[in-house]
Amino acid sequence: MRNGFGFDLRSMEIFVETLERGSQSAAADYLGIKQSSVSQSLANLEEALGVALFDRRSRPLEATSAGRFFHDRAKRLLKEARVTRRELVSGGFGQLHQVRLALVDSLATAVGKPLIEVIRRHTRDHTLTTGLSHMHAHSLLTRHVDVIISDDPLQDYDGLERHSILREPFVLVLPGSWSGPVNNLRWLSRQLDFARYVPHSLIGQTIERYLRLEGLELPPRLHLDNTCALMRLVSHGVGWTITTPLCLFQAGLDTLDLRIEPLPVSSLSRELTLVARRDELGDLPAQLASDARRLLDGEFRQALQARHAWLEASLGRFS
């Protein structure tokens, strides 16, 4: 056996049938081969593995502890091999077995359920997770998920395909009752606390980098780990923040008392990108990206258009 493993599917099949039927002759009869072939295969298998698989003193044959372990693994491998062959013969490989998708929280709120419906048409099973973007990137690179939609496009890594979903500006968000000026963030921070995203989130890091470039060092009083809590804090008049239209939509734009304005200094934006390993999922990544864009053109853009037309007009469009 020269395949580097010490066993192949045929030798595993011979071993399993011998053990389960109690003798080499019974296994040979079942498999339609000579008993000498069974004996030689088992001898070669034990030699290649370097362990005894049978207690040959017992009748019928019994497995050693190593043999019982190998039997359990061999059964699973043989079952998977038979399923694989059956699907290849029947053409059942056209549908993906499983797709694991990770989304930024704000996008999951906007299009998560319809996207799942799209995935169901292409795969037998699926999982959907949300959370911090940098964790999604790590999960994709370590093959724990298959597709991410994130504000981290992983541009430094090869072997990936990328599809742009949405470009959106960051905006200034204040309590709805605020009637003061909004053109000086330093002055504003002396009147109201600046409410931050937690620093280990990608959106939080983006905002902090922007503030540093603008020469603004704001007191670190309020740190929140999710958009909904952050927006409600601002709505209640506790402070002000910087976020994006999609995050506002996630928090429930029509339920919050907020004043939304463009950033008074230089502009800032983020781009959500679908990223997948190249050539592994066929046309599914491109299809998911197309559907995500189409879904965002619906309820999300309509909600912005109804309440803040200038904000909807600022969104980037991709085809």
Side-chain angles (χ1 to χ4, degrees), residues 101-118 128-133 135-136 148-151 165-180 182 188 192-207 210 221-263 268-272 291-317:
L101 177 66
L103 305 178
V104 292
D105 288 342
S106 51
L107 189 67
T109 301
V111 301
K113 183 177 182 296
L115 267 186
I116 290 176
E117 296 301 323
V118 173
L128 172 66
T129 59
T130 64
L132 299 175
S133 294
M135 296 301 296
H136 294 164
I148 65 172
I149 302 181
S150 168
D151 40 2
I165 303 295
L166 173 72
R167 183 185 296 118
E168 59 176 351
F170 283 82
V171 294
L172 177 64
V173 183
L174 306 109
S177 60
W178 180 258
S179 58
V182 296
L188 181 62
L192 292 172
D193 284 334
F194 176 56
R196 286 173 157 87
Y197 286 91
V198 290
H200 57 271
S201 66
L202 193 58
I203 189 172
Q205 293 170 12
T206 300
I207 295 169
Y210 169 80
R221 295 194 178 102
L222 303 174
H223 292 86
L224 287 89
D225 64 357
N226 72 83
T227 293
C228 292
L230 193 63
M231 294 307 116
R232 294 199 179 281
L233 199 70
V234 174
S235 180
H236 293 157
V238 176
W240 62 279
T241 193
I242 296 173
T243 191
T244 72
L246 195 59
C247 290
L248 286 167
F249 182 76
Q250 174 194 10
L253 193 57
D254 57 345
T255 66
L256 299 171
D257 183 19
L258 299 172
R259 178 177 173 183
I260 304 168
E261 300 285 346
L263 289 174
L268 176 67
S269 65
R270 73 167 180 172
E271 185 171 318
L272 297 183
D291 282 312
R293 290 190 291 266
R294 175 180 55 80
L295 293 167
L296 286 170
D297 281 343
E299 185 179 356
F300 168 57
R301 285 183 180 270
Q302 291 168 13
L304 291 184
Q305 179 66 37
R307 296 171 180 83
H308 305 280
W310 67 270
L311 198 51
E312 191 278 332
S314 70
L315 300 177
R317 291 183 179 274

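All of these numbers come straight from a predicted model, not from anything done at the bench. Scope of the values below: all heavy atoms of this structure, side chains included, with no hydrogens, waters or symmetry mates.
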Review point. Where do Ile260 and Leu311 come nearest, in terms of heavy atoms and distance?
Key: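 The pair with the smallest heavy-atom distance is CG2-CD2, 4.2 Å.
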Check your understanding: Which atom pair, heavy atoms only, marks the closest approach of Ile203 to Cys247?
Key ->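 Answer, listing the atom of Ile203 first, then Cys247: CD1-SG, 3.9 Å.
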Point to revise | Trp240 (side chain) donor-acceptor with Leu172 (main chain) under 3.5 angstrom | key: no
Study note, to complete from the structure: Scanning both residues in full, the closest heavy-atom pair of Ser201 with Gly204 reads OG-N, 3.0 Å
Check your understanding: Side chains of Arg270 and Thr206: does their closest heavy-atom pair fall under 4.5 Å?
Key -> no
Review point. For Thr241 and Tyr197, does a side-chain donor sit closer than 3.5 Å to a side-chain acceptor?
Key: no
Review point. Passes side chain to side chain contact (heavy atoms under 4.5 Å, CB included), Ile116 versus Leu128? Steps please.
Key: CA-CA 8 Å; Ile116 290 176; Leu128 172 66; 3.5 Å; yes
Check your understanding: Side chains of His308 and Leu253: does their closest heavy-atom pair fall under 4.5 Å?
Key ->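 A side-chain contact under 4.5 Å exists here.
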Point to revise | Name of the residue among Leu202, Ile149, Ile148, Asp151 meeting side-chain contact (heavy atoms from CB on, under 4.5 Å) with His136 | key: Ile148
Point to revise | Pairwise side-chain contact, Leu296 with Leu107, heavy-atom cut-off 4.5 Å (strictly under) | key: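 Yes, at least one pair of side-chain atoms sits under 4.5 Å.
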Check your understanding: For Phe249, which residues count as a ring-ring contact (aromatic ring centres under 6.0 Å, His included) partner, sequence neighbours excluded?
Key ->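 Partners of Phe249 under the ring-ring contact (aromatic ring centres under 6.0 Å, His included) test: Phe300.
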Check your understanding: How close do Val104 and Ser150 get, heavy atom to heavy atom, and via which atoms?
Key ->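 Nearest pair, atom of Val104 first, then Ser150: CG1-CA, 3.9 Å.
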Review point. Hey, is Asp291 close enough to Arg294 for a salt bridge, meaning N to O under 4.0 Å?
Key: yes
Check your understanding: Which residues pass the side-chain hydrogen bond (donor to acceptor under 3.5 Å, both in side chains) test with Arg196, sequence neighbours left out?
Key ->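 If we apply the side-chain hydrogen bond (donor to acceptor under 3.5 Å, both in side chains) test to Arg196, skipping adjacent residues, the hits are Glu208.
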Point to revise | Reported OH-to-CD1 distance for the pair Tyr210 and Ile242, which is rounded to 0.5 angstrom | key: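 Interatomic distance, Tyr210 OH to Ile242 CD1, rounded to 0.5 Å: 6.0 Å.
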Point to revise | Min side-chain heavy-atom separation Leu246-Leu272 under 4.5 Å | key: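 Contact flag for Leu246/Leu272 side chains = yes.
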Practice item. Spell out, as yes or no, whether a donor-acceptor pair under 3.5 Å connects the side chain of Arg221 to the backbone of Asp193. Key: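 No, Arg221 side chain to Asp193 backbone: no donor-acceptor pair under 3.5 Å.
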**Study point:** Value rounded to 0.5 Å, distance of CH2 in Trp310 from CG in Leu304
**Key:**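 Trp310 CH2 to Leu304 CG: 9.5 Å, rounded to 0.5 Å.
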Point to revise | Taking every non-hydrogen atom, the tightest pair across Ala251 and Arg232 | key: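 Where Ala251 meets Arg232 most closely, the heavy atoms are O-NH2, 4.0 Å.
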Point to revise | CZ-OG distance between Phe170 and Ser314, expressed to the nearest 0.5 angstrom | key: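 Taking CZ in Phe170 and OG in Ser314, the distance rounds to 12.0 Å.
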Practice item. Report the distance from atom OG1 of Thr255 to atom CE of Met231, rounding to the nearest 0.5 Å. Key: 11.5 Å
Check your understanding: Passes side chain to side chain contact (heavy atoms under 4.5 Å, CB included), Leu188 versus Phe194? Steps please.
Key -> CA-CA 9 Å; Leu188 181 62; Phe194 176 56; over 6 Å; no
Check your understanding: For the atom pair OG (Ser106) and CG (Asn226), what is the distance rounded to the nearest 0.5 Å?
Key -> 12.0 Å
Practice item. Tell me, please, which residues at least two apart from Glu271 pass side-chain hydrogen bond (donor to acceptor under 3.5 Å, both in side chains). Key: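 Partners of Glu271 under the side-chain hydrogen bond (donor to acceptor under 3.5 Å, both in side chains) test: Ser164, Arg167.
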Check your understanding: Of the non-hydrogen atoms in His223 and Pro199, which two are nearest, and what is the gap between them?
Key ->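 For His223 versus Pro199, the nearest heavy atoms are CD2-CD, 3.9 Å.
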Practice item. State, with a plain yes or no, whether a side-chain heavy atom of Thr227 is found less than 4.5 Å away from one of Asp105. Key: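 Heavy-atom side-chain distance check fails, nothing below 4.5 Å.
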Practice item. Could you tell me the separation between the CG atom of Leu258 and the OG atom of Ser177, rounded to the nearest 0.5 Å? Key: 10.0 Å
Practice item. Mind running side chain to side chain contact (heavy atoms under 4.5 Å, CB included) on Leu230 and Thr243 for me, showing each step along the way? Key: CA-CA 10 Å; Leu230 193 63; Thr243 191; 5.6 Å; no
Practice item. Please confirm whether the backbone N or O of Asp257 pairs with a side-chain atom of Ser235, one donor and one acceptor, at under 3.5 Å? Key: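 Yes, Ser235 side chain to Asp257 backbone: donor-acceptor pair under 3.5 Å.
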Check your understanding: Given the rule in the side chain to side chain contact (heavy atoms under 4.5 Å, CB included) test, do Val173 and Leu248 qualify, once you have shown the distances and angles that lead to the verdict?
Key -> CA-CA 9 Å; Val173 183; Leu248 286 167; 4.1 Å; yes
**Study point:** Test side chain to side chain donor-acceptor pair (under 3.5 Å) applied to Glu312 and Arg301, Gln302, Arg307, the passing residue
**Key:** Arg301
